[in-house]
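Just so it is clear, the structure is predicted and the values come from calculations on it, not from any experiment. We name chains A, B, ... by the order of the sequence lines, and we start the count at 1 in each one.
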Protein chains: 2
Amino acid sequence: MIEYSGQPHYLVAVDCIVFGFDGEHLKILLVKRGLEPEINKWSLMGGFVGANESPDDAANRVLKKMTGLEGVYLEQMQIYGEPGRDPIERTLSVGYFALIDIHKYEAQLNDDYEAEWFLINDRPKLIFDHDQMVADARKKLRYKAALHPILFEMLPKKFTIPQLHILFEEVNDTKIDTRNFSRKITSTGLLIKLAEKDRTGSKKGAFYFKLDKKKYNANSQAFLNLMPNLKI
Amino acid sequence: MIEYSGQPHYLVAVDCIVFGFDGEHLKILLVKRGLEPEINKWSLMGGFVGANESPDDAANRVLKKMTGLEGVYLEQMQIYGEPGRDPIERTLSVGYFALIDIHKYEAQLNDDYEAEWFLINDRPKLIFDHDQMVADARKKLRYKAALHPILFEMLPKKFTIPQLHILFEEVNDTKIDTRNFSRKITSTGLLIKLAEKDRTGSKKGAFYFKLDKKKYNANSQAFLNLMPNLKI
DNA sequence: ATATTAATTGTCGTTTTGACAATTAATATT
DNA sequence: AATATTAATTGTCAAAACGACAATTAATAT
């Protein structure tokens with residue numbers, strides 16, 4: 001029997017930075033850790049990669065288990081593998097970021113876990129290197145969202161341009177001219193205007209739009225320029 | 001003693017897709033595998049992640065060991081972790097792509113390993129999922145090179161615009177108008193024109209340029225638009 | 001009826017893009 | 001020595017994209 005004798009073996013985990021948007025602010029979903037060490041401290045949603053699953057499978061499983069949601073937007077970020085990052089035992093973790101519609105989450109919430117949404121800018125200190133992961137995820141979200149239409153993933157099926165506008169401002173932590181934004185986002189050809197209006201936010205009301213799934217899937221690779229005066 | 005009892009442990013490896021440019025074509029550096037299984041088959045440069053190193057450390061170590069080169073451009077791509085990808089034992093591999101100056105390599109070559117450059121489009125079949133890794137690396141190289149000035153990493157310190165032009169065409173597998181390319185690349189402000197000319201390629205000769213390291217490092221995050229009519 | 005407010009559409013000069021032409025600096029040929 | 005040749009470089013220009021800012025519109029509140 002051939003084997004890679006003498007090579008060390010490690011635990012492999014996944015950790016998910018789950019982003020959501022409540023209409024005003026960017027938030028992340030954290031959980032109270034259920035095992036030692038650092039039990040009851042806040043951490044990212046994570047778990048070990050099982051024997052018969054890939055890291056991607058594991059991330060989806062963890063998300064399903066802890067939020068009840070399936071088929072969420074999930075993107076591999078990078079691996080975190082410094083030898084001492086977990087004090088108990090060498091563990092490498094694959095970082096993912098997820099974008100979910102916060103309202104879907106409320107509906108599907110799995111109460112077995114103590115999970116809570118925090119404002120991205122007002123969150124508790126996290127265990128291990130999870131704060132670094134969050135920082136990296138934010139950066140990558142910004143980068144990706146400037147080029148690809150992924151922020152829709154955090155909005156409900158029907159959404160308005162002003163909602164999208166606030167979300168873009170939150171993610172990029174900057175002001176964007178509403179007039180130019182509106183034109184730019186519609187000129188992508190990815191939005192379908194609905195007859196209905198959202199009247200909760202203003203007197204005039206804002207038209208609802210939905211995503212043109214066909215074009216969205218076809219163009220998910222294309223480069224757009226969604227951020228004005230972009231300097232990252 | 002706390003421990004994560006009962007969780008499976010795996011081998012963790014790194015694999016590097018090493019890109020080079022010979023002045024005409026994009027190439028990758030492959031090695032004859034030195035251990036079973038699939039011994040003597042062509043594969044990517046790789047190795048297991050040691051007990052006291054991070055995956056990034058391991059990738060740098062492997063590159064140093066097999067090419068003699070240090071400080072090469074190295075970028076983490078993604079993790080490959082399908083349960084059955086290594087037939088002997090569950091092994092997860094972190095894929096990296098590296099950009100090196102092929103001439104530096106010739107000078108520093110480590111002859112202990114059977115390594116050989118292959119045309120990217122005319123290479124032997126590789127072991128395991130390494131062909132998939134190469135395909136992914138190519139895609140990511142294209143993506144990144146369209147937005148960031150990284151292809152310089154494959155050229156010598158002094159290079160000409162025509163050299164760079166051919167390299168861009170190779171990477172993107174397309175024709176680019178020389179006139180527009182020349183202006184676009186110089187307008188980035190990243191190049192410093194030297195007095196010397198390269199006379200080997202033409203009668204008129206082409207001016208050598210070098211990278212403005214200061215601006216290069218400062219702008220490595222900025223978005224450029226280096227590819228015309230970009231549809232990825 | 002009128003004021004108010006946010007959403008939406010307009011305007012316009014500037015910059016970027018990319019298709020294509022002309023010029024230039026060398027060597028090779030007559 | 002004049003001329004042809006070739007690849008590098010600079011020029012031209014119309015179309016598109018960008019972004020600063022103004023005006024209009026569709027509703028509700030007074």
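Listed by chain and residue number, nothing satisfies the side-chain hydrogen bond (donor to acceptor under 3.5 Å, both in side chains) test with Asp173(A) (two or more places apart in sequence, or in another chain). Qualifying ring-ring contact (aromatic ring centres under 6.0 Å, His included) partners for Phe209(B), counting only residues two or more places apart in sequence or in other chains: none. The side-chain hydrogen bond (donor to acceptor under 3.5 Å, both in side chains) search around Asp198(A) returns Thr200(A), not counting sequence neighbours. Here Glu114(B) pairs with Lys32(B) under the side-chain hydrogen bond (donor to acceptor under 3.5 Å, both in side chains) rule; sequence neighbours left out. Listed by chain and residue number, Glu75(A) satisfy the salt bridge (Lys or Arg N to Asp or Glu O under 4.0 Å) test with Lys144(A) (two or more places apart in sequence, or in another chain). The side chain to side chain contact (heavy atoms under 4.5 Å, CB included) test applied to Ala115(A) returns Leu29(A), Val31(A), Met45(A), Tyr105(A), not counting sequence neighbours. By the salt bridge (Lys or Arg N to Asp or Glu O under 4.0 Å) test, Asp129(A) is found to be paired with Arg85(A), residues two or more places apart in sequence or in another chain being considered. Every residue two or more places apart in sequence or in another chain that forms a salt bridge (Lys or Arg N to Asp or Glu O under 4.0 Å) with Asp177(A) is listed here: Arg179(A). Shown here are the salt bridge (Lys or Arg N to Asp or Glu O under 4.0 Å) partners of Lys157(B), two or more places apart in sequence or in another chain: there are none.
In DNA chain D, runs of at least 3 stacked Watson-Crick or G-U pairs (N1-N3 plus N6-O4 or O6-N4, or N1-O2 plus O6-N3, all under 3.5 Å) give these stems: C:1-30 with D:1-30.
Residue Asn225(A) places none of its side-chain N or O atoms closer than 4.0 Å to OP1 or OP2 of dA17(D).
Contacts of residues 189-207 of chain A with DNA chain C (heavy atom under 4.0 Å): Lys193(A), Ser202(A), Lys203(A), Lys204(A), Gly205(A), Ala206(A), Phe207(A). Remark: Arg179(B), Arg183(B) in residues 175-184 of chain B come within less than 4.0 Å of DNA chain D through at least one heavy atom.
Counting to the nearest Å, the C1' atom of dT9(D) and the CD1 atom of Ile185(B) are 15 Å from each other. For the pair Met227(A) CE and dA17(D) C1', the interatomic distance rounds to 16 Å; values are reported in whole Å. Counting to the nearest Å, the C1' atom of dT9(D) and the OH atom of Tyr208(B) are 17 Å from each other.
His148(A) and Phe223(A) have tilted rings, their planes meeting at an angle from 30° to 60° on a 0 to 90° scale.
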